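Scope of the values below: all heavy atoms of this structure, side chains included, with no hydrogens, waters or symmetry mates. Given the structure is predicted, the values throughout are model-derived calculations rather than measurements.
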Amino acid sequence: FDKWLQRKEADEISQLQEDNDVYSNYKDMKPEKVDIDNVDFSGKNKMSEYNTDSQIIPPVGAYNRKKAEVKKSKLKQSGNIGELLVYNALVEEYGKDRVFPHSEAFIDLGILKPGQASSGDYDISYRGDDDNEIFVEVKTGERNMFYMSPGELKWAKEHSLHYYVYYVYDIHTSPKYVVLPQRFWEDVDKYQMREIVEKIEFKI
């Protein structure tokens with residue numbers, strides 16, 4: 001047991017060092033903002049899985065706990081990178097003193113200290129030119145879909161006048177993001193919603 005515990009601790013330290021190395025590459029990177037009306041999600045993004053999935057997790061084969069843990073870790077890493085990129089873009093646009101990170105991801109990124117994360121309903125907030133607080137939920141992917149929990153969507157609807165989803169993609173090549181319109185879930189022709197157990201899938 002002691003040997004297993006030592007290996008587990010060594011793996012966690014190694015993973016933390018790897019994450020820090022990856023995040024450092026994005027520390028000052030600003031993603032390109034793209035108008036959502038000018039993006040075609042019907043091609044490459046529609047057919048491909050997350051880059052981290054396709055490179056590390058084989059699409060077929062028996063279940064393996066280690067593979068599942070690596071997959072989960074890589075997806076979390078991609079999500080953290082997406083939040084960092086949006087944070088960088090907002091800081092550039094509004095200034096660091098008007099942008100406020102809230103999610104647990106910013107602890108992993110070294111921007112917040114443990115215990116400082118304050119919201120499970122959105123990832124970042126900022127004060128715009130009119131000084132109103134705007135709430136931002138960041139979703140990261142390589143396809144034309146993302147997931148929201150029922151709680152996230154409920155909160156979004158209750159704060160729809162000051163709420164936006166930023167969708168980040170191509171993070172491993174040339175990072176870009178689009179800002180979804182307010183109350184996008186009401187446009188059922190463009191944003192197809194499907195409930196999957198405890199997740200809600202949106203397809204653009």
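Residues Met193 and Val188 form no side-chain contact, since every pair of their non-hydrogen atoms from C-beta on lies 4.5 Å or further apart. In this structure, the side chains of Ile81 and Val22 come closer than 4.5 Å at one or more pairs of heavy atoms. The side-chain heavy atoms of Val178 and Asp35, taken from C-beta on, include no pair separated by under 4.5 Å. Side-chain contact between Tyr126 and Glu133 is absent, with no heavy-atom pair separated by less than 4.5 Å. Residues Tyr177 and Tyr167 are not in side-chain contact: their nearest non-hydrogen atoms beyond the backbone lie 4.5 Å or more apart.
Here the OH-CZ distance, from Tyr94 to Arg127, works out to 13.0 Å after rounding to the nearest 0.5 Å. The NE2 atom of His162 sits 12.0 Å away from the OG atom of Ser125 when rounded to the nearest 0.5 Å. For the atom pair CG of Asp123 and CG of Leu84, the computed distance is 12.0 Å after rounding to the nearest 0.5 Å. Note that CG of Asp108 is 5.5 Å distant from OH of Tyr23, once rounded to the nearest 0.5 Å. Here Met148 contributes atom CE and Glu195 contributes atom CD; the two are 12.0 Å apart, rounded to the nearest 0.5 Å. Note that the CG atom of Asp170 and the NZ atom of Lys176 stand 4.0 Å from one another [nearest 0.5 Å].
By the 4.0 Å N-to-carboxylate-O rule, Arg98 lies close enough to Asp131 to be salt-bridged with it. Comment: Lys76 does not engage Glu104 in a salt bridge, judged by the lack of any side-chain N to carboxylate O separation of less than 4.0 angstrom.
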task: Determine, stepwise, if the pair Tyr169 / Val34 fulfils side chain to side chain contact (heavy atoms under 4.5 Å, CB included).
output: CA-CA 11 Å; Tyr169 59 102; Val34 181; 3.9 Å; yes
field: side chain to side chain contact (heavy atoms under 4.5 Å, CB included) evaluation trace for Leu180 with Tyr166
entry: CA-CA 6 Å; Leu180 275 61; Tyr166 282 51; over 6 Å; no
query: Does the pair Glu152 and Lys157 meet the rule for a salt bridge (Lys or Arg N to Asp or Glu O under 4.0 Å), with working shown?
result: CA-CA 9 Å; Glu152 286 176 333; Lys157 290 179 176 180; over 6 Å; no
- request: Take Lys203 and Glu201 through the salt bridge (Lys or Arg N to Asp or Glu O under 4.0 Å) test and state the conclusion after the steps.
  value: CA-CA 7 Å; Lys203 182 173 289 186; Glu201 174 190 281; 5.0 Å; no
task: Kindly indicate, with the supporting measurements, whether the criterion side chain to side chain contact (heavy atoms under 4.5 Å, CB included) is fulfilled by Phe184 and Ile204.
output: CA-CA 10 Å; Phe184 64 89; Ile204 302 173; over 6 Å; no
Chi angles and distances behind the side chain to side chain contact (heavy atoms under 4.5 Å, CB included) call for Ile36, Val179: CA-CA 7 Å; Ile36 194 167; Val179 182; over 6 Å; no
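Around the NZ atom of Lys190, the shell of radius 6.0 Å holds more than 12 heavy atoms that belong to other residues, nucleotides or ligands. More than 12 non-hydrogen atoms from other residues, nucleotides or ligands lie less than 6.0 angstrom from CG of Asp37.
Close placement of the Trp155 and Tyr122 rings is indicated, their centers lying within 6.0 Å of each other. Between Phe135 and Tyr163, a ring centre-to-centre spacing not shorter than 6.0 Å is recorded. For Tyr147 and Phe202, the ring centers are positioned 6.0 Å apart or more.
Here the closest non-hydrogen pair linking Pro101 and Ile111 is CG-CG2, 3.9 Å. Counting all heavy atoms, side chain and backbone alike, Ala117 lies closest to Ile107 at CB-CD1, 4.0 Å. Closest heavy-atom contact between Ile200 and Leu153: CD1-CD2, 3.6 Å. Contact detail for Pro181 and Tyr191: the closest heavy-atom pair is CD-OH, 3.3 Å. Between Pro175 and Leu85, the shortest heavy-atom contact is CB-CD1, 3.7 Å.
Glu93 places no side-chain N or O within 3.5 Å of a backbone atom of Leu90 that could act as its donor or acceptor partner. At distances below 3.5 Å, at least one donor-acceptor pair connects side-chain atoms of Asn88 with backbone N or O atoms of Tyr26. With hydrogens and angles ignored, the 3.5 Å screen pairs a side-chain donor or acceptor of Lys30 with a backbone N or O of Asp28. With hydrogens and angles ignored, the 3.5 Å screen pairs no side-chain donor or acceptor of Arg183 with any backbone N or O of Ser160.
With hydrophobic clusters built from ILVMFWY side chains whose heavy atoms lie under 4.5 angstrom apart, Phe106 does not share a cluster with Phe100.
A side-chain donor from one of Ser103 and Glu83 sits under 3.5 Å from a side-chain acceptor of the other.
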